[in-house]
Structures are given as structure tokens and as C-alpha cells.
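Atoms considered below: every heavy atom in the structure, side chains included; atoms not considered: hydrogens, waters and symmetry mates. So that the names make sense, note that chain A is the first sequence line, chain B the second, and so on, each numbered from 1. Here the structure is a predicted model, which is why all the values come from computation and not from measurement.
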Amino acid sequence: MFVPWHMPWLPNAPEDFRARLKAVPSLAEGHGAALAQLALHRLNSTQARAFAKTMRGLTAGDISLAPLAPFRLAVLSSATFDTIEDALAAAGARHGVALDLAVAEYDQIIQTAFNPGAEVFAIRPDAVFVHFDHRWLALDRFSADPAGTVDAALDHIAMVLRALAEAPGAQIIVSNIATPPGGLFGSIDCAVAGTQRAQIAAFNRGLRDLALEMGALIADVAGLAEQVGTATWFDPVMWNLYKLPIAPDCAPLFADMVARMVGALRGKARKCLVLDCDNTLWGGVIGDDGIENILIGAGNPEGESFLTVQQLALDLKERGIILAVCSKNFDETARQPFREHADMLLRESDIAVFQANWTDKPSNLEAIAATLEIGLDALVFLDDNSAERAQVRAALPMVAVPELPADPAYYPLYLTSAGYFEALAYSIEDGARVDSYIANAQRAEVKQQSRDLGDYLRALDMTLTAQPFDAQGRARISQLINKSNQFNLTTRRYSEAGVRAVEAEADTLTLQVRLKDKFSDFGMIGVVIARPHADDPDALDVDTWLMSCRVLGRRVEEAMLEAVVERAREAGKSRLYARYLPTAKNGMVRTLFDTLGLELTSEEADGERRYRLDLTGYTAPDLPFSREQTAL
Amino acid sequence: MLTDEEILSRITNVVRDQLDDDELTLTPTTEANSVDGWDSLAHVRIMIAVEEEFGVRFQTSEITSLKNVGGLVALVRSKL
């Protein structure tokens, strides 16, 4: 289930959030960036309040919070605004602004609006947010004179907005009204003009015209409450006790909505959606599964899920958001579905920059931003892989990276609910602008040097397990052996019965390798089979060596070699022979053994490459795994 | 099951965070109006933060009839 107020697109706050927050004021520089980084997380009320306090302290000390843009916001609310106020500082930092807030006393909208000397105006606000709900305007359960009631309510608001407009310079933001749950008659509530539902709908329509006339922006509280569910949004206990307008749980989301608008006023709305390919735009791995086996399109529930992701991307493009692709794949392989798959909605021509290669994703995102000549803080990166997400967040905190759930059916909800692409106005030309980006963008050059990924890999808390084949692993071992095409050195296939036979061979070294990290358990991701060498009694000969591409870039291949060497030594061997047998799909591992430090002994005419490793000369590198040792 | 001491200790931490006073000590007989800064506005935040801390919800009458910190501890215990 998708619970909007829980803001599941935000990662959880780190355990040491408080300590990291407390450390910010003593930094020599980069206070704003540090705050922005902390604000990317989902915060509880205490954390949000502490965040606000730290930020106030820095502002009071005249410390620059760049790259956050300063923004002074005055708030006039008909209710207790405290819980929302506490959440606003972090919400602002999440959307690129350092908010300086001045909140008028509870239920003093009229008095404040008509008093230019009021305290909240002393900050010379960039914007004034006027917030109220049905209770303030007496849009009650039933009105015998609905037209009169609604007109009176609109007049009341018009009076407030006109008074505020007298003080020039400040953008007015006004909330509309959410319809509380419950009703009066039942189904005909939707048809009778005097019901609360009908009154509020009429009020919101009138407010839209009023806002247009006055150049005010509407904060769509009604739309947000509807998404959350109005029975969750409104909390009668909190209203009666403290005059809180909404449930405290919903305050962070409310604050986020306001912050998105303020961020957009400062030009901080995101401009470009960068999409991963495998298991983000389609189900499966194009390089392994092939174009005929990836899941996309109608007729298959998963395929339909990915179709909705593509449709959303197209809809965003239509309204002016640039699309880019960032995928760990061969360029030709990644482009193939866009070119040839009949059910793909996205085509190459929709993508302004297409980055498919084996370089790390932060480098590719930098290349995308540079090619489009937009900032990294204009990018949103959608990727199903938690490790890639963590890497991008660590290396490029200014790129927005939503968390994603296991089920792709929810991807569109996560992406749209996070409010990255907040627009303050829309014209049909916005869509045309994207085409010019596509026309201008050249294929981006990626800087060849990858970044030092050590810190990020260590932060993943990876645990690697290597153990011999056994009955429990047999089905998965066989599946990997028969499915893996790209990261597969010899592409030798064994049925499940074949695997069982290998298991029983005396003196054959077998390894099934599993990986988990703090985000997920990848299960079995690697398989090795090595038999005694036919001519060299002191050596093993690698028959099969493969790995799932899901765990590329984590140094798993090095850990696998370490495990093989350990087992081979235990078996009294002193040399290892291995080979690369080329296929149409395994070009990515052509030089794997060279990279791992094996000696190339010969290269055949058909592309086969033969290797040898002297086990006595091998020292294991320092790897970012904890190893779970298992019995032989 | 949490003991009353454990509940009191966690409530104390919540109140310390909310009032930004790491030295604050609460006992079962402490009353809000005897604590510096624990005014009606702070009270809203403290009650919400206590609900958040223990994952519980209080009823209107339970909040209005609270007399002291000991009462809050007992109320939390009754919800766990």
C-alpha cells in the first residue's frame, strides 16, 4: 500500500541524525549543503524541530547557507500552525531554499492582513502564505442558502488577499479547502447544492478565479488531502485539544507541499528525469534475457506496471520535463528495446541524452547535466537498484533520488507524489522546449576516471557468503547457469540434474555465492565450478564462472576470486587455469581475468582467451565485505 | 514489556529534546507548569512527540485529565 503522508520516497533518517545535525554549526564551510543533505530524509517531529532550530541558529549567526536560496515566508493561519512550522525548515532545504519564517498568532488572519506594521511583515517577506480551512469560513455540514454562504466566504478571503496585495513585492500563496470526511444525506451529498461537499467545491472554484485575478498562487490542500484520504488528514481529537488543522502525521507532507511551491518560486524545481533501464523501464535484464524476454507491455501484469512508468515519463515530457537514460549496459544493448520492441512507449527520439556504458552512475549523471547545460540539482534519478541509489545520493546529494518499493506498479505514485517537478504555471509551449533539448544534446562524454567508490561500498555493510553447491541451492544454481549471458565467462549450461552430478564429483571445487547489504538480500548471485586440471595435478581448471549483473560495481568478482583461491589452497593446489569463451553477449567480461590479475597465456583465433594464476603469488585485496564463513 | 522507569526515561528524553534542555529531570510527581518552557505550545509538541515515541494514540479525555508526569507514564503503559 502507498501511504502518502509517510513520504516513502524519502530514505529513513540515519541513526546518527542528531549527532550529524549537531556537527553542522561547527563546520568550517558547506553548512547549506550539509543541511540539504540531512533534509533529504524522512524526519519525525523531534528531528524536524531540531533541524529548524539548528538552521535558525546559523541564520542568526549570519552564516551562509548556500547553495540553499534564502526565502522569507510569512504565514497567516486560522489554526495552530506549530507542527507544520516545525517541518517547514527541513522541507524547504529539501527543495533548495533556506526558509526564514514568520508565523502570525493563531487565528489572526484578518487582524494581521490589515496591519502593515504587524510583526510578520518585519522580515519583508518574499511570500505570504494564507492558510485556513472550512471551519474558519463556516462552510458547515449544510447550508440552506449555499450560494450566499459561499459568496460570503469568498468575499471574506478576497478582502484578506486585497489587503495583503497592498504591500507590494510579496507573492501571495493561498490554500484551498479540503472536504472533511462524513456527509449528511448519503450518496446525494454529491448532488445537493447545500452540502458541505458542494459548498467547498463551489468555494474552491471561486477561489481559483480570485487567485487568477490577483496573481496569487493556490496551495492545493484539497488535492493533497484527497490523496492522503480526508479521514486521515483531519484529526478531530487534535482539533479539539490543540486546534491543529490536520493530523500531526500529515504535517511533514503539508510542509513539503508549501516548500515545493517556494522552491519553484526560486527556480529550484527539477527539470530532467533520468531513467535507469533494466527493471525500471522494463522487467528483466536486456543483456541477459534478450529483447524477446523482457517484460513490457499489455498482457502481462509486470509488463503493464513498467508500461505505466513509461507512460508517466511520456506525460512528463509532454509537459516539459526532459528525459534522459542512465544505464549500466552496452550502448547498443540498451538502445535495442527503444528501437525494436513494439510494446515500448518510449522511443530513442524521446530521450535527450542516452548514457549506457559501464562507468559509475554519478559520472554519467554529471555527463547528462553537462550535456544539457543544466545543474545537477535539476536532475531526478529513477533506479530500482538500491545500491545505485545509495551511490548517487552519497556522491551527488543534489540529485533527487526517490526510494522505490519492490513492486514497480507503485513507481509512478512514488515519483509523482515526491513533488520534484512543481510548476507554478503551464503553457502548451513548455512541451515544445523539450524537443529543443533533444535536438541540442549530443551524446555525453563520460570522464573515464571512475570515482573512488570505497566509502560508499563500505557504507553498504555487504556480507558475502561463498559455499559449495548443496541440495538447497541446486535450483537457483541451475537457473543462474542457464540464464546468465553477460557476466558469464564460459557460458556452459547445466540442467538441475547436471548440477547435482557436478556436486557429487570428487575433487571438483564448487561455489555458490550470496550477497546481502543493509538494503536488501540479493540471494545467490555467483557460481563457480573448477575441476582438477587434466594435465597439471597441482592445478584447478575453471569450468564455469558467472555472476549476476545486479551486483556489478561492488567488487564481488574480486571476492569470488579470493574465495576460489582459498578453497584451491585448502585442496593443496598451487595454480589456477581459466578461460574466456566469447559469445554474442559476454563481451563485458572479455578482460575480466586480466583485471583480476590472472596472466594471459594465449589468445586463440576464435577469441578464446586462456589464463593462469600462480596461487602462491596471490594476495587478497582489501575488500568491502564481511565474509560469512561456511563449512566446506 | 516496558517498566515504568523505562517509560519515564524515554518520556524524559522526548521532553529534553522538545525543550532543548539536556539536564532536565522528570519524576512521577513533576507537573508541566513547574518545568521551565513547558507551556501550552510546548505541551502540544510534547504530547505529539510522546505519541510518536511509543506509537500510541491518546483520547481527548485522557489528555485533559493528565495531572503530572506519573499520570502520563501510566497512560502510556495502559496503551502498550
Side-chain angles (χ1 to χ4, degrees), chain A residues 3 5-7 12-13 17-19 21-22 25 42-57 60 77 79-89 103-108 231-232 234-252 254-255, chain B residues 2 6-26 30-33 35-69 71-76 78-80:
Chain A
V3 183
W5 65 262
H6 202 236
M7 302 173 73
N12 290 321
F17 176 84
R18 205 174 148 77
L21 184 65
K22 285 203 158 165
R42 175 170 50 244
L43 307 182
N44 65 27
S45 66
T46 306
Q47 292 165 327
R49 185 165 163 73
F51 185 98
K53 191 163 176 295
T54 302
M55 192 150 137
R56 270 199 305 277
S77 175
T80 308
F81 203 72
D82 298 52
T83 53
I84 300 166
E85 181 184 356
D86 284 349
L88 261 170
V103 182
E105 290 289 305
Y106 151 73
D107 199 11
Q108 298 287 302
T232 301
F234 289 103
D235 186 329
V237 175
M238 290 293 155
W239 174 255
N240 292 333
L241 278 170
Y242 312 124
K243 294 295 170 281
L244 289 180
I246 60 170
D249 282 340
C250 298
F254 188 112
Chain B
L2 293 173
E6 288 164 336
I7 295 172
L8 176 62
S9 150
R10 280 168 65 176
I11 288 174
T12 304
N13 283 334
V14 167
V15 178
R16 282 177 178 171
D17 276 351
Q18 290 297 323
L19 301 183
D20 204 29
D21 178 357
D22 288 344
E23 308 296 308
L24 181 73
T25 310
L26 299 179
T30 307
E31 294 181 20
N33 57 19
V35 177
D36 269 354
W38 193 334
D39 56 16
S40 61
L41 279 182
H43 190 65
V44 178
R45 292 182 167 114
I46 289 169
M47 288 301 127
I48 291 169
V50 168
E51 287 188 338
E52 210 172 67
E53 170 74 18
F54 294 97
V56 297
R57 282 293 138 92
F58 304 140
Q59 293 175 26
T60 312
S61 62
E62 292 169 340
I63 300 237
T64 53
S65 60
L66 279 179
K67 298 280 183 278
N68 55 28
V69 169
L72 182 57
V73 170
L75 178 57
V76 168
S78 74
K79 301 277 174 182
L80 294 176

With rounding to the nearest 0.5 Å, note down the distance linking CZ in B:Arg45 to CD in A:Glu85.
6.5 Å
Looking at B:Glu6, I'd like to know if its CD atom is crowded, meaning that more than 12 non-hydrogen atoms belonging to other residues, nucleotides or ligands lie closer than 6.0 Å.
yes
Is the side chain of B:Glu52 donor-acceptor paired with the backbone N or O of A:Ser45 at a distance under 3.5 Å, no angle test?
yes
Over 12 non-hydrogen atoms of neighbours within 6.0 angstrom of NZ in B:Lys79
yes
Please rank A:Thr80, A:Val237, A:Asp82 by heavy-atom pairs under 4.5 Å with chain B and give me the top one.
A:Asp82
Rounded to the nearest 0.5 angstrom, the OH-CG distance for A:Tyr242 and B:Leu41 is 11.5 Å
SB check B:Arg57 A:Asp249 (cutoff 4.0 Å)
yes
How about CG on B:Asp36, more than 12 heavy atoms from neighbouring residues, nucleotides or ligands closer than 6.0 Å, or not?
no
For B:Gln18, is it the side chain, the backbone, both or neither that has a heavy atom under 4.5 Å from a heavy atom of chain A?
both
Roughly how far apart are B:Ile48 CD1 and A:Leu241 CG, rounded to 0.5 Å?
9.5 Å
Which answer fits B:Glu53, side chain, backbone, both or neither, if we ask what part of it has an atom under 4.5 Å from a heavy atom of chain A?
neither
Any salt bridge between A:Arg56 and B:Asp20, counting N to O under 4.0 Å?
no
